[in-house]
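Each chain gets a letter, A, B and so on, in the order its sequence line appears, and its residues count up from 1.
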2 protein chains.
Amino acid sequence: MATRGGQERGSVRSLERGLALLVAMNRRKRASVMELARDTRLPRPTVYRLLETLRQAGFVAYGSSTDRFQLAPQVRALSDGFADDEWITEIASPLMAEFTRELVWPVALMTFDEGTMLVRETTHQASRLSIDSGMVGRRLPMLRTAAGRAFLAFAPDNERGAILELLNHSRSTDDRYAQGTQRLNVMIKAIRAKGYATQEREINPRTSGIAVPIRVDERVLGSISVIWIASALTMDEALHRFIKPLVHLSGRIITAMRNGSVLTSARGGAATERFPGIARG
Amino acid sequence: MATRGGQERGSVRSLERGLALLVAMNRRKRASVMELARDTRLPRPTVYRLLETLRQAGFVAYGSSTDRFQLAPQVRALSDGFADDEWITEIASPLMAEFTRELVWPVALMTFDEGTMLVRETTHQASRLSIDSGMVGRRLPMLRTAAGRAFLAFAPDNERGAILELLNHSRSTDDRYAQGTQRLNVMIKAIRAKGYATQEREINPRTSGIAVPIRVDERVLGSISVIWIASALTMDEALHRFIKPLVHLSGRIITAMRNGSVLTSARGGAATERFPGIARG
DNA sequence: ACTGGATGTCCGCACAATGGACAATTCGGG
DNA sequence: CCCGAATTGTCCATTGTGCGGACATCCAGT
């Protein structure tokens, strides 16, 4: 048997696995059973069984012409009821769409959440040049994303200290990056000086990114990042092309929020408001 | 005990139930365990177990102040990768079939994807004159297919520029075609002027093709192309015979989409209607 | 104090989910 | 054209897992 992989107690394994499978399918437009088995590290027969269940429930469909599975429209029923923060849907989203309409490459909006950068919104759908789909809702490591680095660099000193401490105790090697306190401080200083953070082929070996923070009154609500296919543009070219529009985008979001067409509850700690009581553990 | 009347074969029950639970949560802003148990007709202990699993996986959160569960931003990872392709099977396919029924030669529908033209649908199986089968799912180079050329020519300027930039850095010689910027611009201008693109024996030395774009509001969704055995028809004969029907086909697809015989629900549409649920029998 | 409804947890049992193994098929390439 | 490698699909003995009845607790209403 596959010896318990360090699972928590009271968990329904097959549900965990089925959801992992669904998430994996969101990452590939059309997937074969084998690809999914590899992505999820599940035994192939298990993937067959779970996929068959998902198919009967209507969440995935078997492409008759392609011999592959794909998501069915019904998956929307799994998340349509989720109400995102208003400043994201009402203000940031449309401005992000505008960016991609002009510059073609996709952008993503991420916020800090539980020691990771949580992808809240992207224009991957709208961008012709996106190779990553299904990113919204995923968590990416703080120190290996441009967005996370930008967030950290511009966060208030005490917050940054607390977060780094948290990361130092992380199990993941992605977060151990924080170990080299020396080197990290250099990086953070550089980001603060330049006003943006970068990442080259770290998350996806085929893409790179640049990110700027969204700062409202000393507070960093999150980061906006552009993502491009690394082979198409060098970092220098990308910087030259994207920095100004990115900063502009961030600025527009901030001013739009200040003018407060947003809901009244945006007072004080807007970022921490969104979840009245986040109980973890 | 639940009756389990129409028990499907090879299904993982706990996954079905967990998904039903998630769907139920999408229907309520905040739900208590009991409400969910009633909605899904699951035993309460089961709901606890499943909810706990969902919580550990990060898809729902427990509001400590309200004693209720609610969806977490991560649920979007379950559906963000879904791209609405229904127009291809629902609208384009039948119209394409009609084309081949009348004109005998096969047509193919391709969309731009990751720097290539992806064959999404064909009428090869319906055409007796087809020599290429099993094309669906295959990727063909942008600049050597009629479909790719048509797509490029009619794409918005900024998109075309970005795509060509990407192709210029491609490893494949098929894409290096883009090197001759001069000659390429001439070709693109010609295509725009004529309204269609052609290809002679480029992909398959025995076949040629003509393609027109599918344009909806300044946006090019893909291309439709006819393929014929080159020795049977000269390009001029083919043009004379196919152009009008091809343009007509593209036009019909576009109007059918505008009339939205497919639910073009932007967001929050009533997509949450028909989850079979547990007590389906 | 009593009642009815809701919340949370326990734990032994049955069987549902599991995955190793094998057969069938496709692919590629020499 | 043939062969080995990789992929696809299915079977079924085994046991670990999900199940849910039962019990304890809490709270609001009367």
### Query
Does the side chain of B/R17 get closer than 4.0 angstrom to OP1 or OP2 of C/dA16 through an N or O atom?
no
### Query
When only distance counts, do a donor and an acceptor, one from the side chain of B/R44 and one from the base of D/dG20, lie under 3.5 Å apart?
no
### Task
Using only side-chain N and O atoms of A/T46, determine if any of them is under 4.0 Å from OP1 or OP2 of C/dG19.
yes
### Query
Just how far, in rounded Å, is P of C/dA17 from CG of A/L54?
13 Å
### Task
May I ask you to evaluate whether A/Y62 reaches the phosphate of D/dT8, defined as a side-chain N or O under 4.0 Å from OP1 or OP2?
no
### Task
For A/L51 and D/dT8, give me the distance from atom CG to atom P, rounded to whole Å.
12 Å
### Query
Within this structure, what is the CZ-to-P distance between B/R68 and C/dT7, rounded to whole angstrom?
7 Å
### Distance in angstrom units between B/Y48 OH and D/dC23 P, rounded
18 Å
### Test: B/R120 and B/D113 ion pair at under 4.0 Å
no
#### Entry: Charged N-O contact under 4.0 Å between A/R38 and A/E35
no
### Query
Whole-Å distance between C/dG20 C1' and A/L42 CG?
15 Å
### Query
Looking at A/R49, does any N or O in its side chain come under 4.0 Å of the phosphate oxygens OP1/OP2 on D/dT10?
no
#### Entry: Distance in angstrom units between A/E35 CD and D/dA6 P, rounded
16 Å
#### Entry: side chain to side chain contact (heavy atoms under 4.5 Å, CB included) partner of B/W105, the single match among B/T100, B/I227, B/I229
B/I229
### Message
Please tell me if B/S14 has a side-chain N or O lying less than 4.0 Å from either OP1 or OP2 of D/dT17.
### Response
no
### Message
Has A/R27 got a side-chain atom pairing as donor or acceptor with A/S133's backbone, closer than 3.5 angstrom?
### Response
yes
